[in-house]
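Okay, handing you the structure first.
One-based numbering along the sequence shown. Atoms within each ligand, like the ligands themselves, are counted from 1 in listed order. Reckoned from all heavy atoms, side chains included, excluding hydrogens, waters and symmetry mates. Worth saying up front: this structure is predicted, and the values here are computed from it rather than measured.
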Amino acid sequence: MTTARDAGAVARDTGRRLTAAADLNAVLSWSQQQLDREAARVAAMPRGGALDAVPVALKDNIVTIEQPTTCASRILAGFVSPYDATVAVKLRAAGALIAAKANMDEFAMGSSTEHSAFGRVKHPTHPDRVPGGSSGGSAALVAAGVVPAALGSETGGSVRQPASFCGVVGVKPSYGRVSRYGLVAFGSSLDCVSAFGRDVATASRVTAVISGPDPLDATTVDRPPLSVPTPRRDLGGLTIGLPREYFPADLDPGVRAALDRTIAAAKALGAAVKEVSLPNTEYAVPTYYIVAPAEAAANLARYDGVRYGPRRIGPEGDVRALYRATRGDGFGAEVRRRILVGTYVLSAGYYDAYYRKAQRTRARITDDFRRVFAEGCDLLLTPTTPTPAFRAGEKTDDPVAMYLADIFVCPASLAGIPAMSLPAGRSGGLPIGAQLIAPYFEEERMLAAAAALESALDATAEVR
Ligand code: GLN
C-alpha cells in the first residue's frame with residue numbers, strides 16, 4: 001500500500017541511489033523533480049496497483065513524454081517524444097514510478113554498451129568489465145540495487161545477456177506478448193520489450209503488467225495479459241531438455257560448473273532431464289546478423305535530419321548533402337556497419353543469396369524448437385552466455401567476436417519464443433546465468449519453474 005509520504009520517500013531514496021551510482025554511467029537522464037512528480041501522481045492514485053510505488057528504469061529506446069529519448073545516439077540528441085510508449089503507460093497505471101532512462105548500445109546494436117555515444121556502462125562489481133548489452137544500463141541499475149526492476153529491449157538477447165553478466169533476472173516474452181508501440185524500432189520482426197528484476201517474482205510482475213494486446217501494435221497477439229504465475233515449489237512432472245549444441249566442449253569451465261549445479265537442482269526438484277538436439281543452432285548468429293541489419297537498415301532510414309534530432313547541412317546545400325552530413329555525423333561506427341550490411345543483403349543480386357536464405361534458416365531454427373517441444377520437453381535449460389562478463393575493450397575491434405557473445409540467446413529471438421536468464425552462481429566473483437526457454441506463449445510455465453530453481457540455488461555461491 002502506498003501513501004503520499006511513501007511514494008515521496010521512494011522518490012527521494014531512488015534519487016539518492018541514482019546519485020550514488022553515477023559512476024556506473026548507467027543513466028542518460030533523470031531528475032529529482034521528475035521523480036517527485038511521479039511520486040505525487042502515484043500518491044493520488046487508488047492503492048494496490050501491481051507495482052505500487054515501485055521505481056522502474058527504462059532503456060532509452062522506450063519513448064516517454066517527460067524525458068528525452070536518445071537511443072544513446074547523437075542523431076537523436078535532444079529528442080523528446082510527443083507520446084508515451086504503451087509499456088510506460090501500463091507501468092504508470094500499475095503504480096510504478098518511472099525513475100530514469102538507461103544507457104545502452106546505440107540503437108540497441110551491441111552486446112556490451114561500448115557502442116553508446118555517451119560512453120560505456122561499468123559492470124557494477126567489476127568496473128573493468130562490461131555489463132553486457134545492449135540493455136546494459138538497465139541491467140546494471142538493477143544489479144547495483146538502484147531500482148528493483150527495469151525495462152530493456154531484446155532483438156537478439158539484449159536483456160538475457162546483460163542479466164547474465166550482471167547477476168539479475170531478465171525475461172524476454174514471446175514476440176507479440178508485449179506492445180512495441182513506442183519502442184524505437186531496430187529489427188521489427190524480432191524486437192520485444194523485456195523486463196529485468198532483482199528476482200523472479202519482480203521480473204514476473206513487471207512482465208505481467210506490460211503484457212497484453214494493444215490496438216496500437218497490430219503484431220500483439222489477441223490473448224489475455226499474462227497473469228503473475230504462482231511460483232512452483234518443485235518441478236515434478238516437468239521434462240527439461242538440455243540441447244547438446246549449447247554445451248560445447250570448449251564452454252567456459254565456470255559456466256559449465258554453474259549449469260551442472262542448475263541441472264542437479266532441477267533434478268533434485270523432481271524434473272526429468274534429457275539431452276536433445278537443436279541442429280540448426282550453429283546458423284543462428286549468421287542468420288540473426290543478416291535479418292536484424294536488414295530490418296535495421298529500413299527502420300533507420302527515417303533519421304534523415306528532417307524529422308528528428310540535429311540537422312547538418314552539407315557543403316553542397318542540397319537534400320542529399322543534408323542526409324549525408326546528418327547521418328554521417330549522427331550515427332556511430334556499429335550503426336553504420338549494420339546499415340551497410342543490411343542494405344547489401346537486401347540489394348538486387350544479393351537478396352536471394354543472403355536475405356532469403358536467412359529467412360529459410362530462421363524457419364528451420366524455429367522448427368528445431370517446435371520439434372523438441374512436441375517430442376516431450378516442457379522447457380529447455382542452457383547457459384545464457386558462453387563466458388562471464390568480458391573485459392571492456394576486449395571485443396571492440398572484432399565485430400564478429402562481439403556477435404558471437406550472442407550465440408545462445410539469438411535462437412529464441414529468431415523463433416519468437418519466450419526465454420529468460422536466471423542467476424546460477426559465480427565464477428571468480430563474476431555472475432553466470434542459466435537460460436530457460438519455453439514454447440510460444442508459455443511464459444507462465446517458464447516463470448513458475450524459474451521461481452522454484454531460484455529458491456533452490458544460491459546465486460551468490462562460487463561454483464568452482
Ligand atoms: N547483441 C545483439 C546485436 O547487437 C542483440 C541486440 C539486441 O537484442 N538489441 O544486435
Side-chain angles (χ1 to χ4, degrees), residues 58-62 71-73 102-116 120-121 130-139 150-166 170-173 175 178 180 183-196 284-300 331-342 345 358 362 384-387 389-390 394-396 398-421 433 435:
L58 264 51
K59 187 178 184 178
D60 206 31
N61 60 350
I62 297 171
C71 295
S73 181
N103 199 356
M104 55 185 280
D105 285 293
E106 184 176 6
F107 283 103
M109 297 172 188
S111 308
S112 68
T113 71
E114 291 167 292
H115 299 312
S116 167
R120 74 170 177 102
V121 178
V130 301
S134 61
S135 314
S138 302
L151 294 186
S153 68
E154 278 242 6
T155 304
S158 274
V159 164
R160 285 166 286 155
Q161 189 255 17
S164 173
F165 280 12
C166 290
V171 179
K172 183 195 97 71
Y175 184 82
V178 174
R180 290 182 295 117
L183 170 66
V184 176
F186 166 6
S188 302
S189 75
L190 297 154
D191 295 342
C192 293
V193 178
S194 304
F196 291 98
V285 166
T287 302
Y288 171 83
Y289 281 97
I290 291 172
V291 174
E295 296 184 12
N299 275 324
L300 270 56
F331 289 136
E334 181 62 24
V335 174
R336 286 203 296 269
R337 174 159 35 238
R338 304 283 179 115
I339 292 172
L340 289 172
V341 170
V345 299
R362 181 177 186 177
T384 308
T385 54
T387 65
F390 48 86
E394 198 178 307
K395 300 186 197 285
T396 35
D398 185 352
V400 174
M402 188 76 89
Y403 298 169
L404 284 168
D406 303 332
I407 189 153
F408 299 151
V409 283
C410 278
S413 297
L414 290 163
I417 55 179
M420 66 183 288
S421 183
Q435 174 172 234

Fill in: Per-residue contact class, Asp406 against ligand 1 - non-hydrogen pairs under 4.0 Å
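Answer for Asp406: side chain.
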
Please confirm whether Gln161 comes under 4.0 Å of ligand 1, counting heavy atoms of the residue only.
no

With respect to Arg338, determine whether any N or O atom, backbone or side chain, lies less than 3.5 Å from an N or O atom of ligand 1.
yes

Under 3.5 Å side-chain donor-acceptor pair for Thr155 and Asp191: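 On atom types as modelled, these side chains qualify, holding a pair under 3.5 Å.
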
Any donor and acceptor pair, going by atom type alone, linking the side chain of Glu106 with main-chain N or O of Ala72 inside 3.5 Å?
no

Under 4.0 Å from one or more heavy atoms of Met109, ligand 1 contributes atoms 4 (O)

Near Gly157 (heavy-atom distance under 4.0 Å), the atoms of ligand 1 are 8 (O)

| According to the interplanar angle, ranging from 0 to 90°, do the rings of Phe390 and Phe165 count as parallel (below 30°), tilted (30 to 60°) or perpendicular (above 60°)? |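 The rings of Phe390 and Phe165 stand perpendicular, inter-plane angle above 60°.
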
protein heavy-atom neighbour closest to atom 10 (O) of ligand 1 works out as Tyr288 OH, 2.7 Å

Q) If only atom types and distance count, is the side chain of Ser135 paired as donor or acceptor with the main-chain N or O of Ser153 below 3.5 Å? A) yes

Check: At the 4.0 Å heavy-atom cut-off, does Gly110 count as touching ligand 1?
Finding: yes

Spell out, as yes or no, whether a donor-acceptor pair under 3.5 Å connects the side chain of Lys172 to the backbone of Ile417.
yes

Counting only heavy atoms closer than 4.0 Å, does ligand 1 sit against the backbone of Glu334, its side chain, both, or neither?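 Neither part.
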
Considering only heavy atoms of Glu154, which atoms of ligand 1 have at least one such atom less than 4.0 Å away?
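Those atoms are 8 (O).
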
Nearest non-hydrogen protein atom to atom 6 (C) of ligand 1, with distance, is Ser158 OG, 2.8 Å

Handout entry: Shortest non-hydrogen contact between Val159 and Phe196, atoms and distance
Key =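 The pair with the smallest heavy-atom distance is O-CE2, 3.3 Å.
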
(Q) Heavy atoms only, cut-off 4.0 Å: how does Ala108 contact ligand 1, side chain, backbone, both, or neither? (A)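 Answer for Ala108: both.
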
When distances are taken from atom 3 (C) of ligand 1, the protein heavy atom at minimum range is Tyr289 OH, 3.2 Å

Has Ser421 got a side-chain atom pairing as donor or acceptor with Ala163's backbone, closer than 3.5 angstrom? no

Could you check Ser116, Ser134, Ser138 and say which one makes a side-chain hydrogen bond (donor to acceptor under 3.5 Å, both in side chains) with Asn103?
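Exactly one option meets the side-chain hydrogen bond (donor to acceptor under 3.5 Å, both in side chains) with Asn103, and it is Ser116.
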
